[in-house]
Amino acid sequence: MIEFIDETSCTACGKCVEICPTDVFDLASASAIIAHKEDCTSCMNCELYCPHDAIYVSPLKDPEVGLDRSAIIASGVMGSYRKALHWADGRGPSGTGDNWALQLRERQGERPPPPSDKIRTQLYSVRDRNLIG
Amino acid sequence: MTHDHSGYGGSEFDIDLSTDVLVIGGGPAGVWAALSAIDDGSTVVVVEKGYVGTSGPFGVGANTGIYYIMPNDREQRDAIVAARQPIAFGLSDPAWGYRVFDQSYANLDAMAKWGFEWPRNSGGKEDRGSLRGPTIMAFLRSVLLKKGGIVLDHSPALELLKSDGAAAGARGVNKQTGQTWQVRAGSVVIATGGTAFLSGIVGDRTHTGDGYLLAAEAGADFSGMEFTGQYHAAPLETNLTRGAYRSGVGTYYDNNGKPTLEGRQLVQALLETGGAWDQLDKTNDPVTQDLIRKTHALCFQYFERKGIDPFRQRYPINFVLEGTMRAGGGIAIDDDLQTRVPGLFAAGDVTSREKLVGAGPPGGGPASAWAFATGHIAGRSASAFSKSARGRGGVRAVTGAGRIGIETVAKPRVTTEEVLRVVKEEIHPLEKNYWRTGAGMQRSIERFESLWRDVATGLGPVSQGDAKSTARERLKTREAAALLATGRWIYASANERTESRGLHRRKDFPDMDPGQDGQHILSGGLDTVWLRRTPHVNTLTNSQGT
Ligand SMILES: Cc1cc2nc3c(=O)[nH]c(=O)nc-3n(C[C@H](O)[C@H](O)[C@H](O)COP(=O)(O)OP(=O)(O)OC[C@H]3O[C@@H](n4cnc5c(N)ncnc54)[C@H](O)[C@@H]3O)c2cc1C
Ligand code: SF4
Ligand code: SF4
């Protein structure tokens with residue numbers, strides 16, 4: 001659930017207001033503000049879209065009690081999700097931006113699903129035939 | 001009962017548009033419907049309750065697997081379609097399998113041509129089988145805008161418009177500005193997704209079954225609403241019901257530390273030992289662990305931000321309702337994705353997905369293939385209808401088809417909070433909806449029926465504040481009414497099916513009943529819920545399918 005906006009980084013650009021699917025934010029003169037926290041659906045897209053890494057969404061479904069804002073900011077976690085999905089360097093919105101999933105598959109390649117799981121076994125046996133090129 | 005312009009505070013709409021095709025809901029199905037209608041030469045407006053790009057389960061940044069099968073790999077296509085049939089329990093149409101997988105393959109191919117960059121393996125080969133929702137949706141949004149689609153974000157539809165018995169557009173509000181809008185159209189595609197009954201799973205807040213109510217008011221019906229007992233595991237603190245990150249490496253434990261399997265055993269563990277746990281303890285390889293962490297960055301936000309090491313620590317989990325999302329039941333559609341209402345089409349999660357998956361779950365690949373494919377087909381069908389004599393976009397006289405919770409009421413008989421409380425109490429609990437019983441459902445149905453009588457005559461927005469709070473109030477009213485209506489169709493259908501099959505489990509009828517093989521249960525109705533059994537028939541000829 002959305003927890004806070006770091007007003008010192010926020011430039012009031014309005015992007016979070018534009019993209020939040022549940023209209024949690026309002027735009028005040030100096031920064032965005034959290035106006036309807038209870039409507040947050042924890043999708044984390046505000047973190048993904050905020051160009052200034054000014055938003056912190058907690059992974060918890062309920063509001064966090066005793067959350068330490070300055071410790072969170074100091075920990076360097078602000079913007080980490082945007083980096084992980086490659087939106088910070090601009091690759092994200094036009095492509096997957098990495099091949100971790102494929103590397104993982106190559107690494108785990110030797111482990112087929114249990115034969116009792118017919119569908120997964122079927123998918124597993126043909127998955128490399130789906131690669132293109 | 002029809003009415004016109006009432007409830008909107010006058011006859012003027014702040015935004016009044018006309019278009020060939022109106023798409024309601026801008027998830028993957030809606031966006032593909034819009035794209036294919038545009039490619040067929042139609043003008044398109046998409047109205048979206050949230051934001052096209054971030055809304056719904058697909059707008060969440062987990063990895064969504066999509067089925068894609070090389071169209072020329074005969075052996076593989078046959079094998080995958082065949083592998084699906086045993087868990088469809090006799091209610092799917094294999095030719096639809098081929099059709100869906102071929103069409104979604106074509107959609108992915110189109111994306112590649114428009115410049116989407118798919119990941120490549122170490123040999124340089126491309127993989128299109130895993131989608132990161134917000135990335136895909138941001139890309140498709142930009143294509144849609146480039147092709148001239150008009151998108152109204154933050155603009156939920158509150159009622160459909162009809163003209164001469166055919167669907168002719170919709171009306172709604174903008175949640176941010178409070179403006180009212182009307183879009184007249186030659187045909188309409190409903191793509192509003194499923195609903196988890198606000199169980200709180202990530203991304204579900206916009207998903208309140210609005211499309212079912214819109215469709216029912218216009219005269220559409222439903223199929224397979226009993227195949228909706230869908231729940232999924234999630235870390236207890238998060239409601240993030242995504243399992244891919246633990247696939248092949250995780251172990252579930254009951255509250256006494258005994259390993260347990262996913263599904264029924266896990267539910268048993270929760271109900272009987274009072275809790276369940278998860279640990280990714282089947283890999284010690286640091287490289288694998290690191291790749292899992294990076295691949296499933298969204299799910300790992302929880303572990304990283306809360307300081308949990310899921311490879312070495314057990315963390316508590318819960319089993320959370322996903323309802324009609326990742327399930328089978330929904331609006332009944334024909335082979336053109338048309339509902340029973342002329343000019344009203346439906347696509348994606350809001351439809352009955354039985355043609356593809358029967359009574360079984362569509363998650364893990366088929367669901368998004370269905371959204372991509374049915375979106376595309378519905379858009380093309382809607383475009384054709386709009387060009388036909390009955391369509392002729394936007395020039396006809398229209399009336400509002402909305403009935404429930406539209407008009408302002410002076411003295412409400414019931415509040416939205418009360419409606420939501422009752423619906424959640426009857427639909428969320430595992431012991432009521434994962435394991436259903438005739439007696440239990442009868443009690444839920446009675447509660448729903450008495451509540452519905454109050455809702456039908458005495459639930460409406462109490463507009464007092466400014467335009468924006470009035471708009472939000474109107475939406476909340478419709479959401480509550482839609483959830484209650486959906487709950488009624490679900491339990492009526494589930495009560496009728498006196499057996500267990502796929503995503504419908506009954507404690508009092510734990511086995512499949514061969515006597516009910518090949519029977520679909522249709523449902524519908526507002527004041528009185530009706531039910532009808534209908535035999536399964538394969539409607540697509542093989543030449544269409546393959
Ligand atoms: C937890 C989870 C995991 C999943 N994982 C997978 C997977 O791995 N593989 C797979 O194939 N599928 C998966 N799915 C299913 C997949 O996400 C859906 O099938 C797909 O998103 C359906 O697309 P859709 O466009 O039909 O609906 P949605 O994506 O739900 O979009 C519906 C849209 O309609 C909008 N809307 C709702 N009401 C209104 C209204 N009144 N007016 C205007 N707009 C409205 C919503 O805001 C939303 O944007 C998963 C689903 C869930 C819930
Ligand atoms: S997107 Fe970020 S910088 Fe822009 S208004 Fe929102 S919080 Fe501020
Ligand atoms: S997490 Fe999603 S719903 Fe919550 S504030 Fe951010 S964008 Fe809005």
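Atom set for the values below is all heavy atoms of this structure, side chains included, hydrogens, waters and symmetry mates excluded. The sequence lines fix the lettering, A, B, ..., with proteins before strands; numbering per chain opens at 1.
Your options are A:A84, A:P93, A:G97, and the one with the most heavy-atom pairs under 4.5 Å with chain B is A:P93. Contact count against chain B (heavy-atom pairs under 4.5 Å) is highest for A:R129 among A:E64, A:H86, A:R129. Taking chain B as the reference chain and counting heavy-atom pairs below 4.5 Å, the highest number among A:T22, A:D62, A:L131 is found for A:L131. Among A:S94, A:S42, A:C43, the residue with the largest count of heavy-atom pairs under 4.5 Å with chain B is A:S94. Ranked by heavy-atom pairs under 4.5 Å with chain B, the first of A:T96, A:D23, A:N45, A:L60 is A:D23. Contact count against chain A (heavy-atom pairs under 4.5 Å) is highest for B:T238 among B:V52, B:I136, B:T238. Heavy-atom pairs under 4.5 Å with chain A were tallied for B:D153, B:L298, B:L240, B:N63; the largest tally goes to B:L298. Between chain A and the residues B:P119, B:S142, B:S247, B:A234, the most heavy-atom pairs under 4.5 angstrom are made by B:P119. Options B:I69, B:I80, B:D290, B:I87 differ in how many heavy-atom pairs under 4.5 Å they form with chain A, and the most are formed by B:I80. When B:A82, B:S122, B:G123 are compared by the number of non-hydrogen pairs under 4.5 Å with chain A, B:S122 comes out ahead. Counting heavy-atom pairs closer than 4.5 Å to chain A, the top-ranked of the candidates B:G59, B:A138, B:A79 is B:A79.
In this structure B:F101 satisfies the ring-ring contact (aromatic ring centres under 6.0 Å, His included) test together with B:Y67, sequence neighbours excluded.
Looking at A:I132, the atoms closer than 4.5 Å to chain B (heavy atoms on both sides) sit in the backbone and in the side chain alike. Of the two parts of A:E47, only the side chain, counted from C-beta on, holds a non-hydrogen atom closer than 4.5 Å to a non-hydrogen atom of chain B. For A:C46, no part sits under 4.5 Å from any heavy atom of chain B, backbone or side chain. For B:I201, the part lying under 4.5 angstrom from a heavy atom of chain A is the backbone only. Only the side chain of B:D73 comes within less than 4.5 Å of a heavy atom in chain A; its backbone stays farther off. Neither the backbone nor the side chain of B:F300 comes within contact range of chain A; no heavy atoms are under 4.5 Å apart. Only the side chain of A:L48 has a heavy atom closer than 4.5 Å to any heavy atom of chain B. Contacts between B:R128 and chain A at a heavy-atom distance below 4.5 Å involve the side chain alone, from C-beta outward. Interface residue A:E18: backbone and side-chain heavy atoms are both found under 4.5 Å from chain B. For chain B, the nearby parts of A:N99 are the backbone and the side chain; heavy atoms of each come within less than 4.5 Å.
A:M44 contributes atom CE, which lies 10.0 Å from atom CD1 of A:I55 (distance to the nearest 0.5 angstrom). Atom-to-atom distance recorded for A:F25:CZ and A:L27:CG is 11.0 Å, nearest 0.5 angstrom.
Cation-pi contact between B:R293 and B:Y245: absent, since separation from the ring centre below 6.0 Å together with deviation from the ring axis within 45° is not met.
Residues B:R472 and B:E479 are not paired through a salt bridge, judged by the lack of any N-O separation under 4.0 Å between the basic side chain and the carboxylate. A salt bridge links A:D98 to B:R132: one of the charged nitrogens lies within less than 4.0 Å of a carboxylate oxygen. Taking 4.0 Å as the cut-off between side-chain N and carboxylate O, B:K306 and B:E237 do not count as a salt-bridged pair. For B:K468 and A:D26, the salt-bridge test passes: some basic side-chain N is under 4.0 Å from an acidic carboxylate O.
In summary, the aromatic rings of A:W87 and A:Y49 are positioned with their centroids under 6.0 Å apart.
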Apply the test side chain to side chain donor-acceptor pair (under 3.5 Å) to residues B:S92 and B:Q85: give CA-CA distance (whole Å), side-chain angles for both, the deciding distance (0.1 Å), then the verdict. CA-CA 7 Å; B:S92 64; B:Q85 301 315 313; 2.5 Å; yes

Does the ring-ring contact (aromatic ring centres under 6.0 Å, His included) test come out yes or no for B:F116 and B:W118, once each step is laid out? CA-CA 6 Å; B:F116 191 81; B:W118 303 93; 4.8 Å; yes

Let me see the working for B:T208 and B:K49 under side chain to side chain donor-acceptor pair (under 3.5 Å), right down to the final yes or no. CA-CA 11 Å; B:T208 45; B:K49 186 197 264 191; 3.0 Å; yes

Could you walk me through whether A:K37 and A:E3 pass the salt bridge (Lys or Arg N to Asp or Glu O under 4.0 Å) check? CA-CA 8 Å; A:K37 179 167 171 149; A:E3 283 296 347; 2.8 Å; yes

Does the side chain to side chain donor-acceptor pair (under 3.5 Å) test come out yes or no for B:D285 and B:T283, once each step is laid out? CA-CA 6 Å; B:D285 175 27; B:T283 175; 5.2 Å; no

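Closest non-hydrogen pair, B:R246 versus B:T251, comes out as NH2-N, 3.4 Å. Residues B:P156 and B:K175 share a closest heavy-atom pair of CD-CG, 3.8 Å.
Heavy-atom neighbours of chain B within the stretch residues 65-83 of chain A, taken at a separation under 4.5 angstrom, comprise A:V77, A:S80, A:Y81.
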